[in-house]
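Only one structure is covered here, and it is reproduced in the block below.
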Amino acid sequence: MKYSLEEVVNHLKTQGFVFPGSEIYGGLANAWDFGPLGIEIIRKLKNLWWKFFVTKSKYNVGLDSAILMNNNVWKASGHLGNFSDPLLDCKKCQTRMRADKLIEEKYPNINCGGWDNKQLTDFINNEQIACPHCGAHDFTDIRQFQLMFQTNQGVLQDEKSIVYLRPETAQGIFVNFKNIQRSLRKKLPFGVGQIGKSFRNEITPGNFIFRTREFEQMELEFFYDPADQTDWFSYWVQQVKIFLTTIGLKSENYVLREHDPKELAHYAKRTIDIEYKFSFGQGELWGIADRGDFDLKSHSDYSHQNLSYLNPETNEKIIPHVIEPSVGVGRLLLALLADSYEVEKIGENDSRVVLKLSPLLTPYQIAVIPLSKQLNEQAYQLYETLLNDFDCTYDETGNIGKRYRRQDAIGTPYCITYDFDSLTDNAVTIRDRDTMEQIRLAISELPAYLKEHLK
Ligand code: GAP
């Protein structure tokens, strides 16, 4: 990411991609609303993910499970026991922070994943790490902070009515494993994909939409027989890379990082993160985890339901193993926008902002532009016709140069200009966003040309 996060965020706010949440009331920390242009990209991104990982996959099916679940789900998944962060307070300035982040920010080469509270405390004391806000070295003891949001279900607000907002969509899939396998008569291997909101009371949210407390995930849980010799882990890492190429993320801007065994989550036997090189540092974009049989086994134990699978060939009962590719929609959107944002010098004293997003994802595929006010009616008619087959916008305000810049800035791949010659030759000018080259084409040939070039 060549440009600062601040520059990209300013652009996205002014152009209508993302707005601060509840802005007229002074906002709500780390809450963001996706504006008209942002939501178009998100819908396309989710559709592409669904098509790739669910509809067009020969193995997978989809699910949309509830956000609120029985509390035993979170006991079985380990979230009620393990899903917490190590927190400490600076006694001098009262700033609350994560102990692991305090260390990692001072020593970027250290990864504290898997350290217990004693290791964290000893390191902070031995190295005399100071509070980044006031410089004092005077901290409280570390205590664990529960990351799940809690609310009450029903009219009574007591211990028994407590429910949690799901911190991941994955558990909805695990508890439905038997339902899906039986009702669709699925044989291993098969996967279940889900897109939905998750909630975490993150202690250090930030970097715009990189880490928020309310976010959307796209998760696949892929179930297979552990006796199966196929390397499904590598298969899904490869599939994720193919998907990233399909949506146009530049491969030179991300790396694959294998987790050190000490930093693995409580459910994982192995994890590879695809980390994107954001301007604020390299950060997890997409995690691919080998969850083994942790979830189905644990849900079998807690629910006393048999979640095993009967192999029809061997008549053997097994607990399937799981590979999980999981990504946040907002985080992927941020990577895509950072990847495609460019400020280009054009001519001596001129420059343009251009979003070189894949045409599969841009809010609009085409902008129809009348060269003069006198041509508004004809151009608008063309816009209405093209709207039947393409995602179009119509722009009649400002000089033509400004209108091209406006469309470049929001990533529209093609501008179609209706001019005075169009009245007689029934042709228009098509301008390419990336090359800025223009060609003349008969209106009758437009749909075929655009369909071919927007693929
Ligand atoms: N089911 C496994 C799971 O949830 P995770 O690594 O905690 O694993 C998976 O999250 C992905 O969800 C991350 O790679 C990231 O893209 C996204 N994600 C997690 N926490 C997030 C947050 N607070 N804000 C935005 N995205 C988040």
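Values below: all heavy atoms of this structure, side chains included; hydrogens, waters and symmetry mates excluded. All ligand and atom numbering here is 1-based and tracks the order in the structure. Count residues from 1 along the sequence. Because the structure is predicted, anything quoted here is derived from the model rather than measured.
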For Lys356 and Arg352, the nearest pair of non-hydrogen atoms, with its separation, is CE-NH2, 4.4 Å

Taking distance alone, with N or O pairs closer than 3.5 Å, would you say Thr212 contacts ligand 1?
yes

Considering only the protein, which heavy-atom contact is closest to atom 9 (C) of ligand 1, and what is its distance?
Ser326 OG, 3.0 Å

Quick check: Phe208 with Phe210 (ring centres under 6.0 Å apart)?
no

For ligand 1, is any non-hydrogen atom under 4.0 Å from Leu285's backbone (N, CA, C, O), its side chain (CB onward), both, or neither?
backbone

Is the ring centre of Phe177 less than 6.0 Å from the ring centre of Phe223?
yes

Give yes or no for whether the N/O distance cutoff of 3.5 Å, strictly under, is met between Pro167 and ligand 1.
no

So which protein heavy atom does atom 13 (C) of ligand 1 come closest to, and at what separation?
Glu284 OE2, 3.2 Å

Top protein contact for atom 18 (N) of ligand 1, by heavy-atom distance
Phe215 CE1, 3.6 Å

Quick check: Ala170 and ligand 1, any N/O pair under 3.5 Å apart?
no

Could you tell me which non-hydrogen atom of Ser298 sits nearest to which non-hydrogen atom of Ala76, and how far apart they are?
OG-O, 2.6 Å

For atom 25 (C) of ligand 1, what's the nearest protein heavy atom and its distance?
Phe210 O, 3.2 Å

Trp49 and Phe52: aromatic ring centres closer than 6.0 Å?
no

Of Arg200, Glu324, Glu221, the one whose closest heavy atom lies nearest atom 4 (O) of ligand 1 is Arg200

Counting the benzene-type ring for Trp, do Phe199 and Phe215 have ring centres under 6.0 Å apart?
no

The atoms of ligand 1 lying under 4.0 Å from a heavy atom of Glu168, numbered in the order shown, are 1 (N), 2 (C), 3 (C), 4 (O)

Please find out if less than 6.0 Å separates the ring center of Tyr59 from that of Trp232.
yes

Before we go on, tell me: are the rings of His79 and Tyr164 under 6.0 Å apart, centre to centre?
no

Can you tell me which residue and heavy atom of the protein come closest to atom 15 (C) of ligand 1, and the distance to 0.1 Å?
Arg331 NH1, 3.5 Å

What protein heavy atom lies closest to atom 8 (O) of ligand 1? Include the residue and the distance to one decimal.
Tyr267 OH, 3.7 Å

Cation-pi, Tyr404 ring and Arg431 (6.0 angstrom, 45 degrees):
yes

Strictly under 6.0 Å, is that where the ring centroids of Tyr254 and Trp286 end up?
no

Ring centers of Phe190, Tyr224 separated by less than 6.0 Å:
no

Classify the contact between Arg291 and ligand 1 as side chain, backbone, both or neither, using a heavy-atom distance cut-off of under 4.0 Å.
side chain

For Gly287, the ligand 1 atoms with a heavy-atom partner under 4.0 Å come out as 14 (O)

Number the atoms of ligand 1 from 1 as they appear, then name those within less than 4.0 Å of a heavy atom of Glu202, with their elements.
20 (N), 22 (C), 23 (N)

In the protein, what heavy atom is nearest to atom 12 (O) of ligand 1, and what distance, to one decimal place, separates them?
Gln217 NE2, 3.3 Å

Taking 4.0 angstrom as the limit and counting only heavy atoms of Glu219, give me the atoms of ligand 1 inside it, by number and element.
1 (N), 2 (C), 3 (C), 4 (O)

